[in-house]
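Please read the structure below before turning to the comments.
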Amino acid sequence: MEEEEDAEHRFAISPEKKKYGKRFSACLHAQRKAEKGALLNFKKGLIDPSSRLSSWIGEECCKWHGIVCHKRTGNVIKIKLRNTFISVDDEGDGYQNYELGGEIRPSLLDLKSLRYLDMSSNNFGGIQIPNFFGSFPKLRYLNLSSAGFGGPIPPHIGNLSSLRFLDLSSYSIDEPSANSLKWLSGLQSLKYLNLGSVDLSKVKNHWLQSVDMIPSLLELHLPQCMLSNLPLSFEFFNLSSLLVLDLPNNGFSSLFPSWLSKLEKLSYLDLNSNNLRGTIPIELANTTSLQTLDLSENSFLGGQLHEKMGNLCNLRELDLSLNNFTGDITKFIDGFSRCNESKLERLNLGYNAGLGGILPDSIGFLKNLRYIELWKNSFVGKIPDSIGNLSSLEDLILAWNYMSGQIPATLGKLSKLVVLDLFENNWWGVITEAHFTNLTSLKELYISSNSLPPSPPLVANINTKWIPPFSLQYLKFRSCQFGPKFPTWIRHLTELQTLIFRRAGFSETLPDWLWDMNWELEELDFGYNQLRGRVPTTLKFKPDSTVYLMSNLFEGPIPPWSSNVASISLSNNLFSGPIPFDIGHRYPDLTDLDLSQNSLNGTIPLSISKITNLVTLILSNNYLTGEIPNFWDELPILYTLDLSHNSFIGQIPSTLSTLNSLRFLMLSNNHLSGEFPLGFQNFSSMITLDLGNNQFSGELPSWIGEKMPVLLALSLRSNMFKGEIPREFCNMTSLHFIDVGSNNLSGNIPSCFGNLKGMTWDPESQRYEGQLNVFSKGRDLLYKDNLYLVIGIILSGNHLTGEIPEELTNLSRMNTLNLSMNHLIGKIPEEIEKLRQLETLDLSRNEIHGTIPAGMASLTLLTHLNLSHNHLSGRIPTANQFNTFIDPSIYMGNPDLCGDPLQNKCKDETEEEPDHHQDPHDHSSPNEFGEMGFFVSIGVGFVVGFWGVCATLIIKSSWRHAYFQFVGYLGDKLFVIFILPLASWRRSIS
């Protein structure tokens with residue numbers, strides 16, 4: 001641009017200088033003086049907290065900061081006051097201290113030769129762009145992006161007919177509906193337009209129609225403009241010269257627009273983070289000059305990658321990440337491989353869950369590929385050996401797929417490879433030095449395997465004297481067997497920032513040389529091994545670093561590291577002694593601390609209150625004692641607090657109720673007492689609340705259901721709560737697990753429990769991380785990362801009465817129902833067969849009667865059943881799962897139950913076997929003989945009884961006289977006792 005300006009001035013000024021001489025020089029001097037005055041006046045209107053304009057003194061304004069003059073005339077042609085300090089840390093001298101503000105004075109109009117004005121990344125407090133900005137006839141470059149301007153965009157900008165570059169991104173429009181983009185039609189020389197993050201959702205005229213009036217446009221940037229309408233077709237189209245089209249993060253929800261195929265010169269297309277759907281049209285195959293295509297983060301629902309996209313032999317970058325593409329990509333890759341010389345350098349199909357199949361060998365023919373990014377898809381099979389032909393490959397990212405098999409040694413040929421990410425697949429076989437032979441450029445290496453038996457494991461067989469050819473910065477291995485010894489070749493990696501060997505099979509102590517490594521680590525993870533001894537304390541860490549040593553055999557006190565560590569997990573080890581009293585001063589930047597499942601003792605140190613950014617604190621399963629300290633109001637962003645399985649006493653401290661950010665609170669298995677804390681009404685965002693196995697008492701407050709509307713899991717088991725279960729609990733519609741067992745609760749089970757919608761949703765739809773001890777399947781189980789899978793109701797061990805509500809059968813996703821040890825009556829609901837996900841059902845020790853519903857045989861997932869000690873009767877079902885319930889204790893205490901596995905046989909099983917030698921002509925069944933014998937015995941009994949008495953009275957006269965005399969005496973006696981008093985009573989009341 002400057003060369004053009006020089007030529008223009010030479011053409012315009014040189015003749016003037018020859019003709020007018022000294023007079024011209026005087027004119028130029030006067031003009032410079034006027035420009036200097038204009039700049040000083042402009043400066044007076046600005047707020048300059050950092051004194052960036054302190055150099056604006058003296059006669060030579062061309063030497064002032066941000067001012068550029070023409071080399072020949074000395075006229076001001078550029079004002080460059082962009083805030084270049086935006087990367088400075090916010091603390092101390094933050095970039096805000098360098099932001100210019102104030103007002104823009106019209107004295108700038110005296111700069112007649114101004115071509116370039118950049119005031120970007122400052123803060124003018126929401127003032128509108130001055131209208132006089134449309135009066136710079138020679139202005140070619142205007143950048144006011146992220147400068148704090150607001151209000152309507154002045155249409156006067158449309159008068160800048162010479163403007164070539166316009167950037168108004170992050171301009172704040174107060175009322176989008178008051179704006180129009182018709183002013184764009186005046187910018188007939190414009191080549192670059194950026195309105196990113198400007199709300200264009202309600203502009204009066206359609207954005208595409210307005211932009212189409214600028215035929216000179218080469219680059220259009222409209223990211224995050226809240227656009228929703230992307231026309232499928234466009235009748236008048238003047239943007240045939242467009243090279244860059246940047247429309248990510250909008251609200252497009254249409255099919256792929258056909259007019260894009262008209263952009264024959266397009267080299268960059270970005271439509272990521274929209275909701276586009278369908279397939280990519282075949283017409284795009286005609287866009288042979290396309291160099292970059294980015295459709296990431298869309299939703300091409302059910303769409304498949306069209307194999308004819310392989311006709312785009314000039315395509316350099318293809319980004320279809322974060323969509324909903326499906327199907328196999330073999331033909332798609334084959335299409336590119338058929339190009340005489342494919343120019344494709346980047347292939348990004350990441351995060352399309354339905355996109356899969358195998359990687360074809362033809363991928364090895366795309367010789368110019370530098371980046372292959374196929375993460376988070378459904379690819380299967382092995383990596384083709386042809387991958388070793390891609391000599392230009394720098395990134396190979398296949399993480400989070402379902403690929404399997406042995407990792408090919410041809411990877412070792414890729415001398416330019418920088419990133420190798422094979423994380424979270426199903427690899428097996430052996431990794432040797434051959435896999436890394438020529439990887440001299442490698443900086444990042446990520447390998448892990450999810451392979452399970454009977455598949456063989458992934459094993460590293462690398463010589464202890466091997467010296468790696470690379471100098472890694474990031475090394476991450478998971479579930480790859482290196483042990484039992486720690487690999488010595490690690491000591492040659494002096495630039496490491498991340499070191500992860502999780503589930504690596506180590507079973508010895510860490511080597512001494514590890515203590516002396518001069519690393520400055522971002523992440524250290526030796527979790528889930530059998531490492532012994534003490535951990536190195538001399539290692540250095542970067543700010544916000546993490547240390548994960550969980551599930552080993554480390555011992556000794558909690559180790560000290562550098563104070564800038566942000567996350568520490570030492571759970572499930574043999575650490576002992578007290579928590580360091582100065583831990584809060586030692587690690588002031590901690591966000592996550594997990595010391596659970598160790599042998600720590602003593603009390604919670606008060607210095608923890610100094611870790612003001614603490615988000616997660618887990619001290620469970622130790623031997624901590626004393627009262628829970630009362631400092632929680634000093635940890636305002638605490639999200640998870642787990643103090644369960646210790647020996648804390650006393651009441652819950654009052655300051656705990658101030659934690660509005662708390663989502664997970666686990667205090668179970670302690671000796672805490674008192675009533676349910678009133679302050680818990682503040683926990684409106686609580687997700688998991690576990691107070692089980694303590695000594696809490698009093699009634700359950702009804703406000704739990706009202707004040708904790710998003711609660712997902714509630715456990716109050718094994719306390720001393722009394723009263724009825726509040727019906728307000730039914731307001732927690734998201735609740736998927738409730739356990740109030742082993743208390744003193746009474747009354748009926750609320751029938752509105754059938755309205756708990758959280759027990760009807762797919763658990764994957766409300767997935768979250770939390771942990772809870774759940775009594776399920778006959779034993780106490782710890783659900784940690786999979787708590788969301790437990791959907792159930794446990795009300796056992798109370799004094800509940802009434803019938804089992806039929807409404808409970810509406811909870812279609814419920815897998816645990818335990819109502820045992822109560823006083824429930826009635827029958828098992830007939831519609832219990834609707835609970836098809838039920839795995840645990842315990843109704844034992846109640847007063848339930850009736851038969852076992854035959855439909856229960858359809859509960860094919862049922863693995864734990866207990867119906868003992870009730871009043872059930874009839875035959876035990878024998879179909880499906882009931883054939884597996886062979887333990888008689890499941891049904892004991894129900895004397896009227898019969899059938900296997902009980903010894904009490906049903907009646908039709910105890911009848912005498914038929915005589916197989918009887919007369920073959922006699923077709924009477926055993927049941928017919930039984931019925932005949934029954935009636936014969938009745939007849940014989942009647943004859944004997946009747947004639948035994950009557951015949952005696954007829955034959956023996958003395959017995960006959962005595963009998964009738966007794967009957968007469970009995971009649972007189974009844975008359976005296978009943979009839980006479982009744983007659984006397986009637987006379988008295990008449």
Side-chain angles (χ1 to χ4, degrees), residues 230 248-257 260 269-285 293-312 315 317-337 344 346-363 366 369 371-384 387 395-405 421-427 446 448-452 761-767 788-789:
L230 186 65
N249 287 283
N250 283 290
F252 303 135
S253 58
S254 64
L255 298 172
F256 198 95
L260 285 175
L269 175 60
D270 187 348
L271 292 172
N272 81 77
S273 302
N274 287 289
N275 290 299
L276 295 170
R277 63 186 188 276
T279 58
I280 299 174
I282 298 176
E283 289 85 350
L284 261 186
L293 175 63
D294 186 344
L295 307 178
S296 62
E297 295 193 40
N298 287 292
S299 295
F300 296 92
L301 298 176
Q304 294 186 348
L305 295 181
H306 203 288
E307 58 182 290
K308 290 192 177 182
M309 281 203 64
N311 296 333
L312 299 178
L315 192 68
E317 295 191 24
L318 175 62
D319 189 342
L320 304 177
S321 60
L322 289 98
N323 284 284
N324 286 315
F325 285 112
T326 59
D328 192 298
I329 68 165
T330 299
K331 292 182 179 179
F332 178 68
I333 298 297
D334 288 348
F336 280 106
S337 67
L344 192 64
R346 184 186 181 194
L347 176 64
N348 189 349
L349 306 178
Y351 217 124
N352 287 275
L355 195 62
I358 63 172
L359 293 187
D361 287 332
S362 57
I363 199 170
L366 307 181
L369 268 178
Y371 309 99
I372 300 177
E373 301 164 72
L374 305 179
W375 46 277
K376 203 77 173 180
N377 288 298
S378 299
F379 291 107
V380 297
K382 65 177 185 176
I383 301 172
I387 205 83
D395 287 6
L396 177 59
I397 303 176
L398 304 177
W400 300 93
N401 280 283
Y402 301 97
M403 302 184 72
S404 60
D421 190 349
L422 309 181
F423 216 62
E424 292 293 320
N425 282 280
N426 300 318
W427 312 119
Y446 312 99
S448 72
S449 176
N450 296 325
S451 182
L452 298 173
W761 297 336
D762 183 352
E764 293 290 339
S765 66
Q766 53 183 7
R767 188 167 186 164
Y788 67 95
L789 296 175

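We count residues from 1, following the sequence as given.
- With a 4.5 Å cut-off on side-chain heavy atoms, Ile333 and Leu347 count as touching.
- Side-chain contact check for Asp421 versus Leu398: every heavy-atom pair is 4.5 Å or farther apart.
- Here the closest heavy-atom approach between residue Ser451 and residue Trp427 is recorded as CB-O, 3.4 Å.
- Contact check for Asn377 versus Tyr402: no side-chain heavy atoms found under the 4.5 Å cut-off.
- Across all non-hydrogen atoms, the minimal contact from Asn401 to Trp375 is ND2-CA, 4.1 Å.
- Under the 4.5 Å side-chain criterion, counting only non-hydrogen atoms from C-beta, Asn425 is not in contact with Ser404.
- Between Leu344 and Leu318 the shortest side-chain heavy-atom distance falls below 4.5 Å.
- Side chains of Phe336 and Ile363 form no contact here, defined as non-hydrogen atoms less than 4.5 Å apart.
- Residue Asn352 comes nearest to Ser321 through the heavy atom pair ND2-CA, 4.0 Å, listed as atom of the first residue, atom of the second, then distance.
- When the shell of 6.0 Å around OH of Tyr446 is examined, it contains more than 12 heavy atoms from other residues, nucleotides or ligands.
- You'll find the side chain of Asn426 stays beyond 4.5 Å of the side chain of Val380, heavy atoms only.
- At a threshold of 4.5 Å between non-hydrogen side-chain atoms, the residues Leu374 and Leu359 count as touching.
- In this structure, a donor-acceptor pair under 3.5 Å is present between the side chains of Ser362 and Asp334.
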